Each structure stands twice: as structure tokens, then as C-alpha cells.
Amino acid sequence: METMLEARELAKSYGTGAGALKILDGISFSVKKGEFVSIVGPSGCGKTTLLMALAGLLKPDAGAVSFKGKVLTGPSAGIAVVFQDYSRSLFAWKSNLENVVFGMIRNTTLSKAEKRAKGRELLAAVGLDGFADHYPWQLSGGMQQRVAIARGLASESELLLLDEPLAAVDAQTRADMQDLLLELAERFQQTCILVTHDVDEAVYMADRVVVLTRRPTRVDHDIVVDLGDRRDQITTREDPRFLEIRHDVMAAIRRFRAETPLAEKA
Amino acid sequence: METMLEARELAKSYGTGAGALKILDGISFSVKKGEFVSIVGPSGCGKTTLLMALAGLLKPDAGAVSFKGKVLTGPSAGIAVVFQDYSRSLFAWKSNLENVVFGMIRNTTLSKAEKRAKGRELLAAVGLDGFADHYPWQLSGGMQQRVAIARGLASESELLLLDEPLAAVDAQTRADMQDLLLELAERFQQTCILVTHDVDEAVYMADRVVVLTRRPTRVDHDIVVDLGDRRDQITTREDPRFLEIRHDVMAAIRRFRAETPLAEKA
Amino acid sequence: MKRLADKSFWNAVWLPVAILAVWQVLAMRAHTPLFPGPWQTLLAISKLYPQIVGQLGFTLSRAGIGFLIAAVLMVPLGILLGRLKLLGKVLEPAIDMLATLPPPAVVPIVMLFAGTGDAAKIVIIAYAAAVPLLMNTYEASRTVHPSANLVARALHLTKLEAMLHIDLPAALPMIATGVRLAVSSALLVAVTSEMLLATNGIGVFIQRQQENFQISGGLAGIAFISLAGLIINSIVFQFEKRWLFWHYRNANSKG
Amino acid sequence: MALERWILRFRSLVSLALILAVWQGVAMLELVPRKYFPPIPDIAAGFWSMLLSGELLAGDSLTLGRALVGIVGSSLIGIGLALLGEMVPAFRSAFRPIAAIVQPIPPAALVPMAIFMLGLGFKLYAFVIILVTIWPPYLNGAAALAAVGDVEVKTGRMLGLSERDILFRIKLPAAWPEIFAGIRYAATISLIAVVVAEMLAGRDGLGFMLIRKAFATRIPEVYALMFVCAFNGVVLNALINLLRWRITGWHMRMTERTP
Amino acid sequence: RAENTKLRFAYLLADSMLPIMAAKKAGDYEKAGIDLELTEVQGGPAVVAAIASGEADIGYAAPVPPINARINGINVKMVLALAHEVDPDKKFSWLVATKASGITKLADVKGKKVAFNANGGLCELTWRDHLLAAGIPFEEVQPVILPFPQQEAALEQGSIDAACTVNPFYSSVIGNKAIDATVIAQGIIADEKEPVINDVVFAGDDYLAANRETLKTFAAVTDKARRAMLADRAKEEAAAVEFLGLTPETAKNFHLPIVRPEMTISAADVQKLLDSMHKTGMLPEPVQADDMVDNLAQ
Ligand SMILES: Nc1ncnc2c1ncn2[C@@H]1O[C@H](COP(=O)(O)OP(=O)(O)OP(=O)(O)O)[C@@H](O)[C@H]1O
Ligand SMILES: Nc1ncnc2c1ncn2[C@@H]1O[C@H](COP(=O)(O)OP(=O)(O)OP(=O)(O)O)[C@@H](O)[C@H]1O
Ligand SMILES: [Mg+2]
Ligand SMILES: [Mg+2]
């Protein structure tokens, strides 16, 4: 299968001089077309930073990202991002429907009315049909997060980057949303990269799980999830192979965790 | 044991007339001194709204909250809240340390230097010693959330209200933070109410789990967690009783979930 | 009658009434035509209003045209400079320099190129109204929250689209205050420029009253300018209530 | 990159050069007689002669000093009114129409009456300057204070702050960036107001010099004085930017972080 | 000499102020026991306001502002005349027209743009009186208020067709080849067989009653200064450069607008202006000059 995205030796520091904080310290991995990759790693290790670099929204200090064979120099068509900071990434001056429709701004094939119809469908799919004409700030955190996901899905991009998109929704909605994401990714042959703190989710959703170390961050493990393409909330999660992989990921996280417990040094 | 907090028939709607949205529809429960209560419920059901009412930050349309026997008419000393929208509740113009120290503003017994020392300790406890002089917007989401927790802890209030305080941190940090919270609640004899989407967390942390229905929201179940006072990440979670209670909570959530699947009506 | 019982009506009225009362008392104690009180002003208004209204028409139409020109040019320019950050920063001192020129010193230059007619006055009014509009728009669009900018870039909006869909709405609240400042600045300079390059307009009227020591007549003219300002301001206020509710949502829904 | 930094460091000079170049270009087109729109070298000569005679520095330092006093005074008053309005909503709704009424009154139209009440000295200056300068800090401040997010405010309430503390420790810091945008505009009009006041009833300062030079038809010197007025804007704004960096540096760093 | 009397003097900048400014600089007033404090304001009404509010004791302006003040109940009296003009050649205000406007005589200004420096000032009277004499209603010209310094450029650019001007602007306009100006009239009023007052010093009634002696001293010192300056051409030019800021070349054409070396002012002098103002419509009612004048110089 062709390579969709490739990160080569990405490095990034914040600040300069003595106060500089090295975040990414040479991160390399690649994602094939149609693949679903989960990224897990400790809080503050640089997952968001990495995702921004993959989306072409942040220039790495060193290394490069190529998307469909071409080196990224800035944001590119075909990549959509669902941001971690959902409450600020939604526009307060647009209704929820308008926010979602805004995600289709690069779509020239649909008419305005079609876009609105599709926006409503997407809002319904994330469970918010009644809230199309409300504003984001009239929603609960979890509802806002779902609007942000709907906007990300609206663009039908080849590559979807999701930064902890389900952190604020309840367990049941979360499961539903997971299946929705999988289904749509399948239907539109999307490639997805998902940052999550939920190891179960990481394994359940992905074809591969990339485990990052703590700061300065490198790729610690790159674990293949050989659970087949069809996932099911009950059977997959009970699958012994699922539990095994889950255990492996947990173990990987625990290992470098044990080396330096909670207290970190800047 | 004496009652710390009591909610009686709380009701709250947003909007008026035909567009009104009934959120809380008569919520009653009480929390005893030193108790740790978890609240779970579907996304958008009104948990944040409820917590705001319990903290005296929102006037319910009907019903009343009493704190230590007195009806709340506004925010009261002795109640601290960790807000769900952590990124906005941290002050962008204050460094992380200043944000935490600000949590002690009503504390008159400590000197300024002592407060700063304590602030540093708390930041270290949540794993952020190196970031005292950074600003919140220089931190990752999970790190911000920990600053917000540190500020909530700084006030050493009798009652601590936590609104999804660990949604943005990784599994391992989450576990560490859970134990930290339990330890401090024990040490300072704090009463805690925790809103969370993680059923495991709800059960692991709490003496009781309150399960809310979907909108219009009532108390669906009030489940006692009889796991004793000492909890441990490994043994407690493997305890058959833990699994049993977890199962009960899940079942409660699933049941009303089955009635109306993901799609909601406003 | 219902209005009188309305609390918000009294809220809006008590301070002006108090100020008028103090003014009347001071005027009565000063006892000179150079310091008339509200009562004398009222008398002057009743005598002079046909004349004032006629002259005010000239002034308002010039002020209106000047303001519109400024708004049409400066709001886009401010957003542009806010987005093209380097250009904005380099030109910032230039804006400060041009903004600081006093109208009485600018008038002679404008006159060289635009004569003494309406064109010259409109140029000067547009110039004065431009400054607050440009500054507020520029400041607001320069400081749009980074998260919103990230979204814009992730949707790979063109610069133009980002300005239209993000910078403009995000800057609207500050543009609205800019508009308030610009409206008053346009009125003020309209009157001043009439005093300097006078042919007609309320500025000439006021000056004539003053030269003849009819201070109360001058105040009558001023009262009408103020009234115009008040009306325009309440229009801006309605606009804010209608279009910027999302920005002032807390004020509207006090928890 | 290096070029960019270099340009930014000397941006005031870049701006000045730009304006001078445009002026010189227009002058060379000779749309109007050279006598009335002299080229830059003539103006520079006028500048130089005033500089040598010492009158320029003396006059300009007076004007700048007054403008500085004016901007400090009116910022304090403007912000004070905005805070008062936020504290007492009845005051805000009462003051809103007053502001709308007073704002467009040209100070020149009030001068005879103002002379009567305030005399010819310092009080007259102060009146004229404050009358036109308090609005930007007031309006920007009132708008920004009213728009502070409810999570921030609730955080303050939760911490048990009084409404007053919430105002000063949460709303005000959150509003500073917008207030400073107002102060910046106020600085420019404060300079204008000082010059105009000096023109109306002054015995010194740039405004007085402008009138005198115009009376003596020393046109290059008049224009040189205008350039000095313009440059004062940059000087005053540089001062304000220093303060602004101290108070709202967090905001500038936060919003200028280009992702 | 230990206690000098304070005298606060508000003025607007004009040619006939020169002797006072020079004497002040030389310390003549102080020597005579007066602490003279000069305050420059813009415009005659401001001078009146300064006196009426007690901010100044006496003031200097053209006669129209104190006349208007008196008519409107502000009690000031003119006490000294500092400048006059008279036929045929002692003229200090001119109506000039550009060549481009095609105006060659007063009658041609019908429908044209004519400038004067301020509403209700001497220049307005000048236009009105000359137009009346030429039989043209004032309503048939387009008045434009334009300060003296800006008139030359406006004439040259064609923004105005004619202007009422005074020195030093007049000499500059006349010398300007591009304008090629024609003088279509001179003098404040058309009939100046007898001297007409140009600039006056005035004081509030109360102050005048209480401080007559001080004012007399002031008049005496001023009188001496005027005579000294008239007697010494070099001194006159130097004063024009120093106090009016003229360039030495323009100063060569500068002359003090003095017809009568003495500063006496009489009700009859003022009455002439009042009559003209009434005749031309600047005053709706006829007004008597009697209580407007209190001659100090006698
Ligand atoms: N603007 C900034 N200035 C300085 N440091 C920054 C800035 N933004 C991020 N950082 C630092 O970069 C590191 C990585 O941040 P990032 O947001 O990528 O983490 P993350 O892995 O997404 O964490 P989380 O899981 O908590 O969201 C953090 O330690 C943070 O302090
Ligand atoms: N300002 C508002 N205006 C109108 N409706 C609002 C407003 N704030 C909240 N709501 C509505 O109230 C409901 C409950 O919101 P709340 O934030 O309490 O939910 P929650 O249970 O905390 O959800 P989550 O788990 O997603 O955080 C939501 O349906 C939301 O649409
Ligand atoms: Mg992150
Ligand atoms: Mg919530």
C-alpha cells in the first residue's frame, strides 16, 4: 500500500538558550493509506506538537513531514484536524451548523443548500440534531467536542488528525463515536491518526499504536494491532488478542514511567 | 456523620418560552462530611450545571442547596471547584505558580512566601515542578488541567467539586493523580464530589456513585461503593466487588441509553 | 406612563438630570451671558431651531460621507495589517505619525489639493474617522486567539478567507467601539473644519453665535450635534445587541 | 530572517523614511506650487534653523510633557469610569447617553465659556484635553470588561473574591489588552488636543509655534513643526508600548506566538 | 517701587501690538510700576471672555468684539485706539482679487468666492461696507472663512477668487506673480476721509472705575513706546522680525498702522463703525456708541 504520511527525524524545541525545552527529539514513523494509527504518550510529551507538525501547522526545527510523497511546507489540502482545545477552536460567532458547514469551505462540488443538509446529517450523527441553531457556547463540553468532530468529518479529507477528540464525552457516547469514526473512515477510505489517553481506545480503533516516550520525546514502541478490520465494542474488547496488545501497550507506558515517576523536570 | 451538602429538588432550564431547554428536573441527594461521591451521566445531561448549582455559582430555578446546614445563596467559603473548562479558568496573565497561589487568596494564616512555597509543592505534587514560571498557555492540555487541580487543592476547602478534572491526562498520570487526590482528601478530611466519564475512575475513587439520567435530568441510581477506605490501583481494580459495582453502574448507564440511542432531541 | 415606572428608564435619566441641575445652579450664580444655563439654552433652541436644523443637515451629510469612506477603507486595511503581521508592525509607527497630526494643521494642506469646498472637508473628516477605526481593527485582528488561527490554517483558508471569516468577526466587537469613536470624531472634525474653512454648516452657525457672544445660541447648536451623536450611538448599540450577542453573552445571561 | 529583524528594530525610521519619500514624491510632482508644498530639503532646513535656535526643543518638550500628563490623566479617568460602570450597572446605563452626548462636542466651540469658567491657564488645557481624550480608554475598557468570560468570573467567585476583587483582579487584567488599544488612540488624540489647546490659548508649545510660524508665512517651518507633531506620536507610543509590555506582555506573547 | 501693580493683558497677535511687546521686553512697564502680564489668545471673542471672566484686566483686539460684547450685555469699554487708517494712502486692509477670477472691480465679485478671516470681524465689515457702496447685496457673494495665512495659497490655487487681507499677508499676495492680484478696494469702510479705528484696547467697567491711574500709566508708557518706534525705522523692522516672526525681507515692507500718533478714542470714532455695521446688516438695530468708550489718553 502506498505511504500517506511520513515523518522523518522530527525535532522541535520551545524557547531558546538556557530556558529552551526540547520536546520532539527525532521522531520518525510512517502511515500507509487507509491505515488507522493511534498515538499514546505521557501528558505534555509533545503529542499535540507532533500532530501540528504532521498537519503542516508547525515548522519543526529539524526533520521533515511528507504527505503523499511531497514534503509539507505548510497546511495542505487533504488534511483535516480536530483540535484538543475544542472550546476555542469553535467559532463563537457561528452557530453549530455554521461551524460544521465551515469545515466544507474547500468543497466546491456541493451547493450551499447541500452543505447545510450534510452539516445537519453530521450533527445528527454525533447526536446533536436539536442543536444545529444553538451556538457552541450554549453546549456542554462533550457536546462542543462532538461539534468539532463533525466539522473535522465534514471536509472528508484523506487524512484526519484527531487530538484527544473524545476526552470530554461519557463512556457510552464515546463508544458510539468510536464506531462512527471507524465506519466513516472505512466508508471514505480515510487515513486517521488519533491521539488518545485511553489505551483501550487506542487499541480498539487502530491498526497500529505508536507509543511515545516522555520529554525529550522519541518513538518508544510501534505496536501492530492485528485484530482484523471489523471491530465490535463487545467482541473485540473481549478478544484475548485485544487484551494482549492492550497489555503490551500498558507495559510499554509503565516501563519508562517507572524510570521517572510523576515528578518531571522541565 | 453530619451532612455536608444537600441538594433538594434542584431544577434548571436554559432559555425561555418555546425554545426553553429543561436540564435539571428535580435533583436531590446529599453528601456527608468526608464522603467522596462520583457523579456520572451522559454528555450534556447537566453535570456541569449541577456542579455550578452545588457551588452556589448558579441559581437554580427551583429547589435549594444547603451547605453545612445553611441554604446557599451564592458562593461560599469552604467550597472549591475545579472547572471542566480548565484552559479558560486559568488566568492567562498569571504564571502557573501565581495561578496556584491565587487559589489561597482567602487564606490569611500563611505569609506570601509560605504560600509560594506551598504552591511550588503542589505543582511538584502534580508533576510540574519545572513549570512554575511558565504561563498556562505554554502548557499542554493535560498540564493545564493539573495546574487547575493544584489550584483547587491549594485552598484546602472542606468541599471540593471536581468537574472531569483528569479528562486530558494520560492513563498513568491519571492513576497517579487519582491517588494523590484520595490521599489529600483523606489527609485534610475533605469532602469531594467528582464528575467523571470514566466509570472505573468513578468507582475507584468514590464511596458512592450517583448516576444521572439524560435530559431532563434526575437521579437514576445512587450506588454505594463498599470497597473500604484504602484503595490501590492494582488490588482494588482487581477486587471482584469492584468489578461488580462497575458492572452495576455500567448497566444503569446502558439501560436508559438503550431507550434513546445516540441521537438526542433538544 | 408605563415608561415612567420602568427602572431602566430612570437608570438612564438620573445622571443627565443631575448634571443639568448642577449646571443651572452654577449658571445662575455666575450671572453673565458668557455662562448661560440649560434654561437659556432651551430658550435659544426654541428660537433658533429652524436655522440650526438646516445647517446641521450640511454638517451631517459631510460627516456621514466622510465616515463611510473611512469605514470602507480602514476596516479592511486594519484586518489586512493585522494578518500580514510584519507589514503591520512596520507601518505601525507610520500610522501613529499620521494619526497625530492636528486637524488645524492638516486643513491647510488638504486645502492645497482639494480646495475649500465640500471635498476638502470630507477628506479631513474621513481622515479623522479613519484613525480610531484603523487602530481598533488592527489591534483586534492582530490579537485573534492562536487557536482560531490554527483552525483557519488547518482548513487551509486563503488569507482573504481567513480575514473575512475569522479576523473580521473576531474583531467586530472592537470595531464597534472603533465606530463609536469614529462617529464622534467625524462629527467633531466636521464642525471644526467648518470653523476653519467655513461656508455653511453647524460649525459656522456656532462660530457666528460665539463671535456675537450668543453663547446660549452656540450651546443650542452644540445640543443638536450632541443629539445627532446620541441617535447614532443608540443605533450602534442596537447593532451590538443584535450582532454581537455572542461576544457579550455573559452580560446577557448573568448566572 | 535577519533582514526582518533589522527592519523591525528600526521600524520607526522605516516609517518615517516612507512618509518623507511619499511627501518628496508629491512635492516633486509639483501639483501645487513648491512654495506651499515644499520639498523635504527645504523643510529640513526649517527644522534645522528652529533646532539651532533652541525654540524647537523648548516648545516640543512642553507639548510632549503636557500630552503625557493628559494621557495619564485621561486614561485614569477613562478606566475609572469604565470600572465604575462595571461595578454599578445603573451608573453605566446612565453614563452611556452622557458619553454619547459629550463625545462629539468640539472643544473649540466651548472655549469662550470654558475660559470664563476655567481661565486661560492650565485648567483650560486640562479641560480641552480631557474632554476629548477620555473616550477611547473608557469605551474600549467598558466593552472589554463586559466581555470577560464567565469561566474566569466564576473562578473568581469560587475563590470567594468580592465583586470588587473580581473586578480588579480578574476583569481588569483580562481587559488590559483592549484598554491599551484605547490608550494608544488616546495618546494620539491627546497630542492633537494639546496642540489645538496651545493654538487656542497658549503662550508656548508646538501649537503656539505653529500659529506664529503660519502668521509669519514661514511655510517650511510650519511643515517641519507638523513632522515634529507626527514624530511625537511615535515617541509617546514608544513610551506607552513599554508600559503595555509590562502589563500585557503575556497577551502579546500569547497572540504573537505564530503556530 | 517695592510694590508694582499687576496688570493682566490679553491680546491677539497683530501689528499694532508691536510697541507694547517691545516695551514689555525692554522692561519699560516695570520701571513705571506696572507688572504687565501678556497672554496671547486666538480671536477677539476669547479676549473678551478673558476679561469678562476676570482672567485678564484689559485686552487688545479689533473694535468689533468689544462692540458686540457691549451690545450683548458684557460690560467692557474701549479706552485706547492703537491703530487707524485714513484716505488716501494710510490703508491697512485691502480687498484683492486674482487675475484668474476675471475680477477687476468690486462689481465683478457677484457670485464669486470671497474670503475673510473670521465671522463678525473687521474683514466681514470691510466686505459688507464696500459691497454696499458698490450696490451689490452681500447675499450675492459666496463667503468663505479662511485664516489670513492660508489665503495666499487659496488664491493661487483658485479655491477662492478674492480675499480681505492685511499686512504682512497683503505684501506677499501682491508680490506673488502667479496670483497677479488686483486691489479692488482698500480700507475697512468705503468712506475713510476721517481716520477709522483699527485696533483698540478695552477694559471691564468695574476694573476701569477702580484702576484708572494704573491704566493711565500704562497708556503713557505705551504712548512713549509707539513714538519711539515710529521715530526709528530700524527698530520697527527689528521688532517685526522679533515679535511677529517675519523674515527680514518681508519686514522691509512692514509699517505700523499708525495714522495718529496719539491714542485718543472718541465715541464719534466708534459711532462711525456702528453706523456702518447697522447699514450693512451686521447689526439689526441702530446702536449708540456713547457708553462704549472711555477715553484714557486725554
Ligand atoms: N507556546 C509554548 N511555549 C513554550 N512551551 C510550550 C508551548 N506550547 C507547548 N509547550 C510545551 O511543549 C510540551 C508539549 O506540549 P503538547 O501540547 O504537545 O503536549 P501533549 O503531548 O499534547 O500533552 P497533553 O496530552 O497534555 O495534551 C509541553 O511540555 C509544553 O510545556
Ligand atoms: N448558556 C447556555 N445556554 C443554553 N443552553 C445551555 C447553556 N449552557 C449549557 N446549556 C445546555 O445545558 C445542558 C447541560 O450542560 P452541561 O454543561 O451542564 O452538561 P454536562 O453534563 O456537563 O455535559 P458534559 O459531560 O458534556 O460536560 C446542555 O444540553 C447544554 O446545551
Ligand atoms: Mg495535547
Ligand atoms: Mg460538563
Side-chain angles (χ1 to χ4, degrees), chain B residues 48-49 51-59 72-96 98-108 133-139 144 147-148 151-163, chain D residues 79 82-83 86-87 89 137 140-141 143-183 240-259:
Chain B
T48 300
T49 308
L51 225 55
M52 292 301 116
L54 296 183
L57 292 169
L58 179 111
K59 221 180 100 56
L72 273 188
T73 52
S76 153
I79 306 180
V81 187
V82 175
F83 292 89
Q84 180 177 17
D85 197 351
Y86 51 88
S87 81
R88 285 183 209 251
S89 95
L90 293 176
F91 300 123
W93 54 89
K94 287 186 186 291
S95 72
N96 296 319
E98 287 164 352
N99 263 292
V100 175
V101 169
F102 200 56
M104 297 179 246
I105 188 161
R106 280 288 91 100
N107 184 328
T108 48
D133 299 324
H134 283 61
Y135 284 81
W137 37 270
Q138 293 176 316
L139 301 186
Q144 287 176 20
V147 176
R151 183 177 63 190
L153 294 174
S155 59
E156 286 176 13
S157 304
E158 293 161 89
L159 177 63
L160 191 58
L161 305 176
L162 302 146
D163 198 355
Chain D
I79 296 167
L83 288 171
E86 190 63 25
M87 233 172 339
N140 275 15
L145 288 173
V148 174
D150 77 325
V151 182
E152 279 99 322
V153 173
K154 276 188 176 146
T155 303
R157 297 230 166 89
M158 174 271 283
L159 290 172
L161 299 191
S162 62
E163 288 303 312
R164 205 174 135 266
D165 275 347
I166 288 180
L167 186 62
F168 283 100
R169 311 192 63 156
I170 295 176
K171 289 184 176 176
L172 186 58
W176 270 126
E178 252 181 80
I179 294 177
F180 264 101
I183 293 181
I240 287 173
N241 274 335
L242 283 180
L243 187 67
R244 182 189 201 170
W245 180 257
R246 278 197 66 85
I247 295 184
T248 69
W250 62 272
H251 185 253
M252 295 166 86
R253 272 178 285 160
M254 183 176 96
T255 54
E256 279 178 17
R257 147 175 88 126
T258 26

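Since the structure is predicted, the reported quantities are computational estimates derived from the model, not experimental observations. Within every chain, numbering begins at 1; the chains are lettered A, B, ... in the order of the sequence lines, protein sequences first and strands thereafter.
Only the backbone of I79(B) comes within less than 4.5 Å of a heavy atom in chain D; its side chain stays farther off. Neither the backbone nor the side chain of A55(B) has a heavy atom closer than 4.5 Å to any heavy atom of chain D. For a residue to count as touching a neighbouring chain, one of its non-hydrogen atoms must lie under 4.5 Å from one of that chain's; by this rule I170(D) touches chain B with backbone and side chain alike. In this structure, chain D has a heavy atom under 4.5 Å from the side chain of M52(B), while its backbone stays farther away. Using a 4.5 Å cut-off between heavy atoms, S89(B) contacts chain D through both its backbone and its side chain.
Within the cation-pi definition used here (under 6.0 Å to the ring centroid, within 45° of the axis), K94(B) qualifies as a partner of F102(B).
Between the side chain of S162(D) and the backbone N or O of D165(D), at least one donor-acceptor pair lies under 3.5 Å. Checking side-chain atoms of Q84(B) against main-chain N and O of D163(B) turns up no donor-acceptor pair under 3.5 Å. A distance-only check finds a donor-acceptor pair linking the side chain of R106(B) to the backbone of G160(D) [under 3.5 Å].
With values rounded to the nearest 0.5 angstrom, M158(D) atom CE is found 5.0 Å from R151(B) atom CZ.
The most heavy-atom pairs under 4.5 Å with chain D, out of L90(B), L161(B), I105(B), D85(B), come from I105(B).
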